Amino acid sequence: MTYSNALALLREHGQEQLLQYYDELSKELKSALLDQIAGINFSSVKLPSSPAGRNLGQLSTVPALSCVEVERQRDKFASLGLAALRAGKVAAVLLAGGQGTRLGSDAPKGTFNMGLTRDLSIFACQFANIKEVTDKSGEYFHIFVMTSELNDGPTREFFRQKNFFGYPEDKIHFFVQDMAPCCDLNGKILLAGKGKVAMSPNGNGGWYISLIKSGFGDLLSREGIEWINVYAVDNVLQRICDPVFIGAALSSGCNCAAKVVKKVSPDEKVGVLCMENGSPAIVEYYEMPPALASLRRPDGELKFMYGVILNYLFRVDMLNKTISKPLPVHLSLKKIPYIKDGALITPEQPNGYKFEHLVLDMIKFMGSCLAVEVEREREFAPVKNRTGVDSVESARALLKKNGVIL
Ligand code: UTP
């Protein structure tokens, strides 16, 4: 792209500030900046004209298996799940491309040390749980690790240093997700350097597209992988390729399944799995009107009680059918380092937005989804913050409760 083409494009979208330091740049930086500008999808970097969220459709409850029901059918589900694992029909995708800004560390989140007397990274906690499954099934499943441009190198290096956590290296595959520009509170795209657009990972919703773009579609079909278990890096109690979960999904006939926990209160900040206009959907806590969130059933339980914990099973054929369906863009208010008057500013307060696609929006394309309730204290210890709610502190306490030596 030439300078004048870039300028015309930026003018069209009100983003000319991206060229304000152009004359100061070396030839290489000029050309790199023009390439970056050419790659921007301006239609997905727009602030909404009104601050109101989406209009909710008609909500109803989703098919669900409570903990009691799962317990009743545990043996049947476990043997179905183990058979699928032994047949190589299930793989896992670890979502590890996030920046973990709330944790306040530049290192990949999975490398964070949960140990107090020993080295115990989040990755290691998750691989310890994976080992329980592979010990039972006698088979290793493929694990695809999604990273971003910002943490790919250090993530791979950590896996190498830790000898792939004892897992066969040829079953672990890395792929890199896409990035999206960040803007200020007025929708102006920020510069991270005089010749560099501020970019951040574009959310966890692009994982399947990125997996396929990275060339792993062949491996999926060659190996006969029918289901993918997608999970977040930041839950230290995460149970991956859990045979009971797989068996429950298989016997339900649903196209996807989600591990859920019972909400502790109507206003707990978790997305709720439900049906919206007849399709499965996850309604974010801030989208759910308080009157609906606090509706109760005759037995006193919340009507919309199941919160998601970012652990899903998707049928691969459904993913392939829906891969080209556009996902909505979510805005996330963040602290974004930027250039002002030629100097790099590291803001103390959120100063702009990242644009993200979210995995939870893929659920509605699946047609059907089963909620499988799990025990919160055994499976859900999110690490979002250093202290307080969903923090290193709270996750350490839950690890201890589960008998993990820290
Ligand atoms: P979060 O939504 O908590 O985001 O990620 P984050 O970037 O890790 O943390 P903050 O908000 O900056 O503090 C939930 C899961 O989705 C992954 C994360 O790695 C985590 O497993 N994720 C998030 C991605 O893989 N890519 C992204 O672009 C964003």
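One-based numbering along the sequence shown. Note that ligands are numbered from 1 as they come in the structure, with each ligand's atoms numbered from 1 the same way. Please read these numbers as outputs of a predicted model, since none were measured by experiment.
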Ser148 backbone acceptor or donor facing Asn151 side chain under 3.5 Å: yes

Lys30 charged N/C atom sitting above Tyr3 aromatic ring, 6.0 Å / 45°: no

Those atoms of ligand 1 less than 4.0 Å from some heavy atom in Gly203: 26 (N), 27 (C), 28 (O), 29 (C)

Any N/O pair Ala232/ligand 1 closer than 3.5 Å: no

Protein contact of atom 17 (C) of ligand 1 - nearest heavy atom, named by residue and atom, plus distance: Leu95 O, 3.8 Å

Mutual orientation of the aromatic rings belonging to Phe144 and Phe175 [parallel < 30°, tilted 30-60°, perpendicular > 60°]: perpendicular

Inter-residue atom distance Phe314.CZ - Asn320.CG, 0.5 Å rounding: 13.0 Å

N or O contact, Asn204 vs ligand 1, cut-off under 3.5 Å: yes

Atom 6 (P) of ligand 1 - nearest protein heavy atom and its distance: Gly100 N, 3.6 Å

Closest protein heavy atom to atom 11 (O) of ligand 1, given as residue, atom name and distance to 0.1 Å: Lys334 NZ, 2.6 Å

Within the 6.0 Å centroid threshold, strictly below: His173 and His142: yes

Atom 25 (O) of ligand 1 [closest protein heavy-atom partner, distance rounded to 0.1 Å]: Gly97 N, 2.8 Å

Selection from Gln99, Arg102, Lys335 by shortest heavy-atom distance to atom 13 (O) of ligand 1: Arg102

Per-atom contacts, ligand 1 versus Lys109 - under 4.0 Å to a heavy atom: 8 (O), 9 (O)

Ligand-side contact atoms (ligand 1) for residue partner Met146, heavy atom cut-off under 4.0 Å: 25 (O)

Carboxylate-amine/guanidinium contact Lys269 Asp390, below 4.0 Å: no

Protein heavy atom at shortest distance from atom 29 (C) of ligand 1: Gly98 CA, 3.7 Å

cation_pi(Lys262, Tyr306) dist<6.0 Å, angle<=45: no

Protein contact of atom 3 (O) of ligand 1 - nearest heavy atom, named by residue and atom, plus distance: Lys384 NZ, 2.6 Å

Nearest non-hydrogen protein atom, atom 12 (O) of ligand 1: Thr101 OG1, 2.5 Å

Rounded distance (nearest 0.5 Å) linking atom CG of Asn204 with atom CG of Leu95: 5.5 Å

Derivation of the ring-ring contact (aromatic ring centres under 6.0 Å, His included) call for Tyr312 and Tyr231: CA-CA 7 Å; Tyr312 305 104; Tyr231 66 102; over 10 Å; no

Shortest protein heavy-atom distance from atom 26 (N) of ligand 1, along with the residue and atom involved: Gln177 OE1, 2.6 Å

